[in-house]
Amino acid sequence: MVFDNKFIQQRIEKAEILRKEGYNPYSNDSKRNTTVEKYLNVNSDIADKENQRDENRHYIVSGRIKLLRIMGKASFAKIEDESGMLQIYVARDNLPEGFYNNIFKKNIEVGDIIEVAGYPFVTGKGELSLHATELNLLTKAISPLPEKFHGVTDKEIRYRKRYLDLIMNADVRKTFKIRSKVISLTRHFFEDKGFLEVETPMMHPIAGGANAKPFVTHHNALGIDRYLRIAPELYLKRLIVGGFEAVFEINRNFRNEGMDATHNPEFTSIEFYWAYKTYRDLIEITKEYFQYLFEHLNLPTRLPYADMEVNFANFTEVPLIESLTTIGGVPPEVTNDKDKIVAFLNSKNITVKPGMNLGQLQGELFDEFVEEKLIDPTFITEYPVEISPLARRSDENPEITERFELFIAGREIANAFSELNDPIDQLGRFEAQGEAKESGDDEAHEMDVDFVEALSYGMAPTAGQGIGIDRLVMLLTNEHSIRDVLLFPAMKPIHVEEKNIEEEN
RNA sequence: GUCUUGUUAGCUCAGCUGGUAGAGCACGUCACUUUUAAUGAUGUGGCCGAUGGUUCGAAUCCAUCACAGGACACCA
């Protein structure tokens with residue numbers, strides 16, 4: 001039985017007593033006329049009044065009891081609604097005959113959601129409170145709350161029962177409000193720039209737009225497998241072919257890979273595509289976007305992150321190859337020679353898969369020696385073509401692409417490029433990815449003939465970018481695990497004990 | 001996927017080199033009409049994550065499993 005815990009049994013009994021006494025423990029009759037925050041604001045003048053009270057004012061507030069101090073014929077309680085915490089004073093003689101002793105003291109307790117009517121006053125210790133003249137139970141909590149001082153700290157409980165975490169930890173609510181705001185601001189920023197928000201499929205016949213392993217599901221009606229999307233890129237570009245000139249999508253992507261502090265199987269990103277623009281324009285709009293976020297979130301330009309301090313007013317730009325030497329300390333003669341890179345990596349006790357091409361090895365060097373050193377926002381540009389299957393080649397040097405990734409606090413936050421719109425080149429890149437797949441790279445990009453055909457109708461020169469929203473929120477809230485910015489992070493299901501199954505049978 | 005550290009009351013945690021389970025909060029009862037983690041008295045509460053093994057005896061030692069945290073690998 002779910003509710004066989006003795007504390008729960010006790011509370012169920014109290015609910016039953018209340019019902020018998022004529023109080024519905026799950027009443028739907030809320031008469032709240034203000035929030036805690038508004039109450040505290042509106043009545044901030046009470047401290048200056050005679051007797052520090054005003055019995056002519058009348059408010060009804062609602063909230064969950066977080067603390068209860070019963071002192072004989074009077075009690076203090078702290079109730080909390082979404083906007084804040086309020087102390088209420090409940091005295092026997094201000095309530096209907098018998099209510100305080102028989103109902104309030106005996107059957108209402110921490111965790112319950114109540115509604116309190118009364119007038120504002122300030123206590124002897126100077127706390128603006130509410131003097132109760134009426135008190136009603138709205139919802140009986142039959143499970144007890146965690147401990148009042150330490151709350152719930154066990155990460156497993158916090159993630160599995162996020163509702164409990166939210167009840168107990170005000171900071172957690174704050175983080176998710178910031179997350180919501182970031183998404184809302186992002187939407188407004190791009191809408192104001194004339195971008196159109198679109199929705200593209202979550203279930204793809206071919207998992208494309210990134211190098212990653214997909215989740216597979218099955219469509220019974222058609223008898224075919226579908227892949228949860230790993231990126232919306234190829235669909236958004238089809239829309240550019242179709243004539244939309246600026247589109248964006250904020251939504252989930254799914255990747256069937258490991259889980260850790262920065263990876264959840266489903267994660268949120270914004271991708272936006274902008275016709276008649278290049279990656280140079282994306283660098284500018286990205287700076288503007290960050291400025292907009294910081295302004296509207298009221299954040300200082302210098303933010304702490306772990307033991308770092310990030311200066312969001314200091315955006316710099318470094319080509320990838322250059323960063324290997326200037327930031328990574330890799331000798332310049334090494335960076336453009338496959339064998340020398342392998343030898344160099346081996347000398348640092350790093351082994352690489354055989355058969356990697358020059359671009360992939362340069363990417364290895366970057367990951368090993370540069371990435372974690374990029375604290376202030378840094379655009380790393382000019383990525384090798386081998387590791388950029390969807391990016392446009394540079395006109396000056398066909399071996400590199402018009403691409404950048406943005407790194408902040410040692411992490412990739414955004415990936416952007418002038419889009420490849422030459423259908424013949426795109427076909428060739430897919431074929432090269434196919435060869436990489438043959439030689440063991442199971443995350444190489446899939447061939448997507450339908451997408452190539454779309455390009456063959458002509459896609460205007462376009463720039464496109466993806467920004468990881470979860471990681472961005474982590475950065476802005478100084479959270480170090482992606483689970484702390486996801487309301488319901490992925491968790492393994494808990495096994496049902498065999499014993500219990502037998503009992504139920 | 002690998003390594004590593006955890007898992008004891010509703011919650012937060014003790015429990016030494018094996019000897020039959022502890023605290024605080026919460027809850028029950030009593031006292032208390034201005035408290036701030038209220039206070040004082042008193043009481044209830046546990047298949048010590050699961051399954052095996054070693055032992056006269058296991059929360060404690062060993063093995064396997066489950067779940068979680070951290071690190072690494074892969075990735076965003």
Side-chain angles (χ1 to χ4, degrees), chain A residues 3-11 13-14 52-53 66-78 85 87-95 100 105-106 109-111 121-127 129 131 141-161 164 167-168 209-213 230-231 253-269 271 350-351 353 363 367 371 405-407 411-415 441-443 466-472 474 480-483 489 491-500:
Chain A
F3 296 131
D4 56 2
N5 177 280
K6 74 159 204 173
F7 297 107
I8 296 178
Q9 281 301 319
Q10 243 169 42
R11 296 177 78 117
E13 275 169 40
K14 289 182 182 186
Q52 304 213 309
R53 66 187 56 217
K66 298 297 287 289
L67 277 172
L68 192 52
R69 291 185 279 271
I70 296 176
M71 302 171 305
K73 298 179 188 64
S75 301
F76 283 96
K78 296 261 187 184
M85 187 101 80
Q87 176 168 267
I88 60 165
Y89 178 70
V90 186
R92 185 191 65 183
D93 299 340
N94 296 91
L95 292 168
Y100 180 81
K105 262 168 78 175
K106 288 222 171 78
E109 56 202 319
V110 172
F121 79 113
V122 174
T123 64
K125 297 281 159 63
E127 181 168 347
S129 307
H131 197 123
I142 59 167
S143 283
L145 289 185
E147 204 243 5
K148 64 183 171 188
F149 187 59
H150 300 92
V152 56
T153 58
D154 185 292
K155 287 202 165 157
E156 185 169 357
I157 299 177
R158 289 187 45 217
Y159 298 147
R160 285 192 197 279
K161 303 186 181 180
L164 255 194
I167 290 171
M168 299 308 294
N211 296 1
K213 293 190 203 98
I230 55 175
N253 295 317
F254 307 87
R255 299 194 183 173
N256 204 342
E257 282 158 1
M259 289 159 62
D260 62 25
T262 55
H263 296 85
N264 194 68
E266 51 181 306
F267 63 100
T268 301
S269 72
E271 287 204 10
I350 300 157
T351 50
K353 281 183 227 158
D367 292 345
E371 184 168 2
E405 288 197 2
L406 173 63
F407 293 87
R411 275 202 203 122
E412 186 191 334
I413 293 294
N415 181 19
D441 181 358
D442 54 3
E443 285 176 357
I467 302 173
I469 297 290
D470 311 285
R471 290 183 179 184
L472 177 61
M474 285 169 70
H480 307 117
S481 170
I482 196 167
R483 296 185 186 95
M491 301 288 277
K492 272 201 200 181
I494 305 173
H495 264 252
V496 179
E497 300 297 334
E498 284 173 31
K499 254 188 209 170
N500 293 347

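It should be emphasised that the depicted structure is a prediction, and the values quoted were computed from it without experimental measurement.
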Q: Which nucleotide, if any, forms a Watson-Crick or G-U wobble pair with B:A9, using both distances under 3.5 Å?
A: none

Q: Go through B:C27, B:C25, B:A76 for me and flag the one nearest to the A:Ile482 side chain.
A: B:A76

Q: Which base, if any, makes a Watson-Crick or G-U wobble pair with B:U20, both distances under 3.5 Å?
A: none

Q: What interatomic distance, in whole Å, is found between C1' of B:U35 and the corresponding atom of B:G43?
A: 25 Å

Q: Measure OH/A:Tyr159 against P/B:G69 and give the value in whole Å, please.
A: 6 Å

Q: So does A:Thr123 reach the base of B:U35 with its side chain, donor to acceptor, closer than 3.5 Å?
A: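 Answer yes: a donor N or O sits under 3.5 Å from an acceptor.
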
Q: Between A:Lys148 (NZ) and B:G10 (P), how many Å, whole number?
A: 19 Å

Q: Could you work out which one of B:C27, B:A68, B:C11 sits closest to the side chain of A:Met491?
A: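 Among the listed nucleotides, the one closest to the side chain of A:Met491 is B:A68.
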
Q: Counting only Watson-Crick pairs (N1-N3 plus N6-O4 or O6-N4) and G-U wobbles (N1-O2, O6-N3), all under 3.5 Å, who is the partner of B:C27?
A: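 The answer is B:G43, by the H-bond criterion.
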
Q: Rounding to the closest angstrom, what is the interatomic distance between B:A58 and B:A73 at atom P?
A: 43 Å

Q: By the 4.0 Å heavy-atom rule, please label A:Ser143 as base, sugar-phosphate, or nothing.
A: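 The residue A:Ser143 makes no contact with any strand.
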
Q: Side chain of A:Phe267 only, please: which of B:A76, B:U36, B:G24 is the nearest?
A: B:A76

Q: Determine the interatomic distance between C1' on B:G22 and the same-named atom on B:U44; round to the nearest Å.
A: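 Per the computed distance, 15 Å lies between those C1' atoms.
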
Q: Under 4.0 Å from OP1 or OP2 of B:G28: is there any side-chain N or O of A:Lys14 that close?
A: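 Checking A:Lys14 against B:G28: at least one side-chain N or O falls below 4.0 Å of OP1 or OP2.
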
Q: Starting the side chain at C-beta, find the nucleotide from B:U44, B:U35, B:G69 nearest to A:Lys155.
A: B:G69

Q: Using a distance-only criterion (donor-acceptor N/O pair, under 3.5 Å, no hydrogens), is the base of B:C11 paired with the side chain of A:Asp154?
A: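 It does not, because no donor-acceptor pair links the side chain of A:Asp154 to the base of B:C11 below 3.5 Å.
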
Q: On the 0 to 90° scale, with breaks at 30° and 60°, tag the A:His131-A:Tyr89 ring pair as parallel, tilted or perpendicular.
A: perpendicular

Q: Measuring from the side chain of A:Ser481 (C-beta onward, heavy atoms only), which nucleotide among B:U34, B:A73, B:G70 has the closest atom?
A: B:G70

Q: State, to 0.1 Å, how close A:Val152 and A:Arg158 come at their nearest heavy-atom pair, and which atoms those are.
A: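 What the structure gives for the nearest pair is O-CD, 3.6 Å.
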
Q: May I ask which nucleotide in the shown strands pairs with B:U36, Watson-Crick or G-U wobble, both distances under 3.5 Å?
A: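 B:U36 is paired with nothing.
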
Q: Choosing from B:G10, B:U34, B:U35, which nucleotide comes nearest the side chain of A:Arg69?
A: B:U35

Q: For B:U7 versus B:A59, give the span between their P atoms, rounded off to a whole number of Å.
A: 15 Å

Q: Quantified in whole Å, what is the C1' atom distance between nucleotide B:U51 and nucleotide B:C67?
A: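 Pairwise C1' distance, B:U51 against B:C67, rounds to 15 Å.
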
Q: Under 4.0 Å from OP1 or OP2 of B:G69: is there any side-chain N or O of A:Arg483 that close?
A: yes

Q: Among B:C32, B:C11, B:G28, which nucleotide has an atom closest to any side-chain atom of A:Ile70?
A: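 The answer is B:C32.
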
Q: For B:A50, what is the paired nucleotide under Watson-Crick or G-U wobble rules, both distances under 3.5 Å?
A: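 Pair assignment: B:A50 / B:U64.
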
Q: According to the Watson-Crick and G-U wobble definitions, with both distances under 3.5 Å, which nucleotide is paired to B:C74?
A: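 WC or wobble partner does not exist here.
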
Q: Provide the Watson-Crick or G-U wobble partner of B:U4, both distances under 3.5 Å; none if there is no partner.
A: B:G69

Q: Need one value for A:Phe407: base, sugar-phosphate or nothing, where a base atom within 4.0 Å counts as base even if backbone is also close, heavy atoms only.
A: nothing

Q: With rounding to whole Å, what would you report as the distance between B:A41 and B:U60 at their P atoms?
A: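 About 35 Å, rounded to a whole number of Å.
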
Q: Let me know the distance between CZ of A:Arg160 and P of B:G49, rounded to the nearest Å.
A: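 Result: 17 Å.
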
Q: Whole Å only: how far is the CZ atom of A:Phe254 from the P atom of B:A76?
A: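 Atom-to-atom, A:Phe254 to B:A76, this comes out as 17 Å.
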
Q: From the options B:A37, B:C67, B:C11, select the nucleotide whose nearest atom is closest to the side chain of A:Phe149.
A: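 For A:Phe149, the side-chain atoms sit closest to B:A37.
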
Q: Expressed in angstrom and rounded to an integer, what is the separation of A:Lys125 atom NZ from B:U36 atom P?
A: 5 Å

Q: Could you report the tightest heavy-atom contact between A:Lys66 and A:Ile167, atom names first, then the distance?
A: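 Shortest heavy-atom contact: NZ-O, 2.8 Å.
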
Q: Could you check whether the side chain of A:Gln87 and the base of B:U35 have a donor-acceptor pair of N or O atoms closer than 3.5 Å, going by distance alone?
A: yes

Q: From the options B:A71, B:G10, B:U34, select the nucleotide whose nearest atom is closest to the side chain of A:Tyr89.
A: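 Ranking B:A71, B:G10, B:U34 by closest atom to the A:Tyr89 side chain puts B:U34 first.
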
Q: Identify which nucleotide among B:A38, B:C32, B:U12 has an atom closest to any side-chain atom of A:Val152, counting heavy atoms from C-beta outward.
A: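 My answer, after comparing the listed nucleotides, is B:U12.
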
Q: B:C74 C1' sits how many Å from A:Ile230 CD1, rounded?
A: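 Result: 14 Å.
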
Q: I'd like the P distance from B:C61 over to B:G15, given in whole Å.
A: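 After rounding to an integer number of Å, I get 12 Å for this pair.
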
Q: Base, sugar-phosphate, or nothing for A:Lys213, non-hydrogen atoms under 4.0 angstrom?
A: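 A:Lys213: no heavy atom of the nucleic acid under 4.0 Å.
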
Q: Please report the distance separating the C1' of B:G45 from the corresponding atom of B:A26, rounded so that it comes out in whole Å.
A: 11 Å

Q: With sugar-phosphate meaning primed atoms plus P, OP1 and OP2, does A:Asp367 contact a base, only sugar-phosphate, or nothing at under 4.0 Å between heavy atoms?
A: nothing

Q: Rounded to whole Å, please give me the gap between CZ in A:Phe7 and C1' in B:U44.
A: 8 Å

Q: With a 3.5 angstrom cut-off on both distances, give the Watson-Crick or G-U wobble partner of B:A59, or none if there isn't one.
A: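 By the stated definition (distances under 3.5 Å), nothing pairs with B:A59.
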
Q: With sugar-phosphate meaning primed atoms plus P, OP1 and OP2, does A:Met168 contact a base, only sugar-phosphate, or nothing at under 4.0 Å between heavy atoms?
A: nothing

Q: Check if the side chain of A:Asn415 and the base of B:A76 share a donor-acceptor pair of N or O atoms closer than 3.5 Å.
A: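 Donor-acceptor pair under 3.5 Å: no.
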
Q: I need the CD-P distance between A:Glu371 and B:C72, as an integer number of Å.
A: 12 Å

